[in-house]
Amino acid sequence: MAELPVVISENEVSRLLHYEELIPRLEEALAKFSRRDSSEVIQPVRSTLHLQKFNGNMCLMPTYMENNGILCTKFVGVYNREQGCELPSVNATVVLLDPETGSMKAVMEGNVITCMRTAAVSAISAKLLMPPKAEVLAILGTGQQALSHYTVFTEMFSFNEVRVWGHRKQGMSRFQSSISGPVTLCDSAEAAVTGADVIVTVTSSSEPVLFGQWVKPGAHVAAVGACDPKYRELDDVLMKEAVVYVDSREGAMVESGDIILSGVEVFAELGEIISGGKPALREKTTLFKSLGMGVEDAVSAKLVFEQWQSTTN
């Protein structure tokens with residue numbers, strides 16, 4: 001009889017997963033993905049099942065990394081909740097399997113993994129693409145992704161000022177009370193991003209919240225929201241002025257409204273910069289459109305499982 005899988009809770013994932021170990025693994029995984037070598041990474045574009053009755057989607061994100069011995073999938077439910085609804089808008093579960101037998105090795109809460117690996121990849125994009133001596137960080141959005149991005153960006157980089165804007169004042173107040181470092185709350189998105197060297201958009205908006213006329217030439221933008229072919233966070237001016245980088249070309253061409261609706265060309269994947277195949281054009285205005293990939297969840301889950309094994313043996 002097969003052993004029962006390890007169940008790792010949200011609190012345990014938070015305790016075991018740390019950016020200093022996670023980021024190097026994500027950089028390696030991004031480079032492997034962009035080489036398109038099936039012995040390194042097999043990862044289809046995520047499949048989505050629409051849950052019309054509940055105004056949501058169930059997404060499946062499987063990944064196989066033969067040389068690393070990793071077989072993994074994430075199930076993630078994404079819902080458009082009405083304001084005031086107490087149910088979560090995102091609920092994720094990550095399953096790590098034995099690639100030889102197909103049996104489950106571990107089942108772990110996936111929301112922390114999703115937030116941390118997404119923020120870590122945005123930080124990798126900034127490390128590669130933001131202007132030298134960047135001083136001002138702006139974050140548009142106040143939810144869980146905003147918190148994880150604040151954490152990793154302030155851990156990795158030394159900004160003189162961090163500005164935050166959200167659609168609702170209570171969201172900004174909640175954000176401020178949830179962090180331990182300094183932050184400037186702004187009355188408008190324009191005020192937050194004017195003169196900023198790095199801008200992170202992590203909103204649930206379906207219409208542009210960031211406009212090219214506000215963005216300082218040479219700034220770097222990490223756009224995380226609008227993971228839907230009909231949604232936008234960024235206007236056409238910004239999309240057409242910036243050099244566009246993505247995590248996955250295939251994913252961007254079917255999932256990113258910012259890219260699809262603006263008709264811009266993708267210059268490179270982050271993995272291509274890491275591998276040296278494409279340049280990091282720091283002197284230009286750069287944009288990283290993040291959609292998230294199964295390979296990011298896979299290496300994160302493997303790290304959590306290894307850390308769990310080391311603390312229980």
Side-chain angles (χ1 to χ4, degrees), residues 8 13 16-47 59-76 92-99 105-106 108 110-129 145 148-149 151-153 155-156 222 224 227 245-252 255-256 266 268-278 280 288-310:
I8 304 178
V13 174
L16 296 168
L17 195 58
H18 302 283
Y19 287 116
E20 58 266 30
E21 292 103 7
L22 177 60
I23 284 173
R25 296 203 184 195
L26 287 171
E27 290 176 326
E28 181 183 5
L30 290 167
K32 287 181 176 180
F33 171 78
S34 290
R35 286 196 283 269
R36 300 300 193 277
D37 181 343
S38 61
S39 66
E40 293 281 14
V41 180
I42 298 176
Q43 177 204 272
V45 175
R46 90 189 88 213
S47 58
C59 305
L60 180 65
M61 302 172 66
T63 300
Y64 176 43
M65 303 180 72
E66 181 176 299
N67 292 341
N68 292 81
I70 301 175
L71 179 62
C72 180
T73 193
K74 183 171 76 175
F75 305 89
V76 56
T93 302
V94 178
V95 179
L96 194 62
L97 303 107
D98 184 326
K105 296 165 66 175
M108 57 192 77
N111 289 355
V112 173
I113 286 175
T114 300
C115 282
M116 289 187 66
R117 61 81 157 152
T118 303
V121 172
S122 293
I124 292 168
S125 82
K127 173 183 167 183
L128 297 170
L129 296 167
Q145 284 286 4
S148 62
H149 278 74
T151 298
V152 69
F153 272 72
E155 279 186 19
M156 282 187 65
V224 178
C227 296
Y245 297 82
V246 296
D247 41 19
S248 162
R249 279 188 173 85
E250 293 89 347
E255 295 182 334
S256 171
V266 172
E269 294 176 343
L270 287 188
E272 292 177 298
I273 307 177
I274 295 167
S275 296
K278 287 291 183 75
F288 168 57
K289 178 56 202 173
S290 168
L291 288 160
M293 299 195 296
V295 69
E296 298 163 8
D297 299 310
V299 297
S300 301
K302 180 71 180 308
L303 177 57
V304 169
F305 187 64
E306 289 174 356
Q307 298 285 63
W308 178 85
Q309 287 179 310
S310 69

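What you see is a predicted model, and the numbers here were worked out from it, not measured in a lab. The first residue of the sequence shown is numbered 1, and numbering continues consecutively from there. No hydrogens, no waters, no symmetry mates; every other heavy atom, side chains included, goes into these values.
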Working note: Phe75 + Leu60, criterion side-chain contact (heavy atoms from CB on, under 4.5 Å); need CA distance, chi angles, decisive distance, verdict. CA-CA 5 Å; Phe75 305 89; Leu60 180 65; 3.5 Å; yes
Does some side-chain heavy atom of Lys302 sit less than 4.5 Å from a side-chain heavy atom of Asn68? no
Thr63 vs Asp297 side-chain heavy atoms within contact, under 4.5 Å: no
For Cys72, what residues pass the side-chain contact (heavy atoms from CB on, under 4.5 Å) criterion, not counting sequence neighbours? Ile70, Val94, Leu96, Ala298, Ala301
Ala126 to Phe153 - nearest heavy-atom pair and separation: CB-CE2, 3.7 Å
Sequence neighbours excluded, the answer for salt bridge (charged side-chain N to carboxylate O under 4.0 Å, His left out) partners of Lys278 is none
Those residues at least two apart in sequence (or on a different chain) that pass salt bridge (charged side-chain N to carboxylate O under 4.0 Å, His left out) with Arg249 are Glu272
How long is the span from the OG1 atom in Thr118 to the CE atom in Met293, to the nearest 0.5 Å? 10.5 Å
Please name the pair of heavy atoms, one in Gln145 and one in Cys115, separated by the smallest distance, quoted to 0.1 Å. OE1-O, 3.6 Å
Over all heavy atoms of both residues, which pair between Gly292 and Glu296 is shortest? Give the atoms and the distance, please. CA-OE1, 3.6 Å
If the condition is ring pair (Phe, Tyr, Trp, His ring centres under 6.0 Å), which residues does Phe288 pass it with, not counting sequence neighbours? none
List for me each residue that meets salt bridge (charged side-chain N to carboxylate O under 4.0 Å, His left out) alongside Glu250, sequence neighbours excluded, and say none if there are none. Arg36
Taken to the nearest 0.5 Å, the spacing of Leu129 CG from Ile124 CD1 works out to 11.5 Å
To the nearest 0.5 Å, atom CE of Met116 lies from atom OG1 of Thr151 at 8.5 Å
Is there a side-chain contact between Leu17 and Gln307 (heavy atoms, below 4.5 Å)? no
Identify, with sequence neighbours excluded, every residue that meets salt bridge (charged side-chain N to carboxylate O under 4.0 Å, His left out) alongside Lys32. Glu28, Glu40
So how far is it from Arg46 CZ to Thr73 OG1, rounded to the nearest 0.5 Å? 11.5 Å
Can you give me the closest heavy-atom contact between Ala120 and Leu22, atom names plus distance? CB-CD2, 4.3 Å
Quick check for you: to the nearest 0.5 Å, what is the distance between Arg35 atom CZ and Glu269 atom CD? 12.0 Å
Verify, without hydrogens or angle tests, whether Asp247 (side chain) and Ser290 (backbone) share a donor-acceptor contact under 3.5 angstrom. no
Quick one: does Ser148's side chain have a donor or acceptor within less than 3.5 Å of a partner on Ala119's backbone? no
For the residue pair Ile23 and Met156, establish whether any side-chain heavy-atom pair is separated by less than 4.5 Å. yes
Any donor-acceptor pair under 3.5 Å linking the side chain of Gln43 with the backbone of Val295? yes
Does any N or O in the side chain of Ser34 come within less than 3.5 Å of the main-chain N or O of Ala31, such that one atom is a donor and the other an acceptor? no
Can you check side-chain contact (heavy atoms from CB on, under 4.5 Å) on Ser256 and Leu291, steps first, answer last? CA-CA 7 Å; Ser256 171; Leu291 288 160; 4.1 Å; yes
Do Glu66 and Ser39 touch side chain to side chain, with heavy atoms closer than 4.5 Å? yes
Please find the pair of heavy atoms, one from Leu26 and one from Ser300, that lie closest to each other, and give the distance. CD2-OG, 4.3 Å
Rounded distance (nearest 0.5 Å) linking atom CE of Met61 with atom OG1 of Thr114: 7.5 Å
For Val224 and Ser122, work out which heavy atoms get closest and say how close. CG2-OG, 3.6 Å
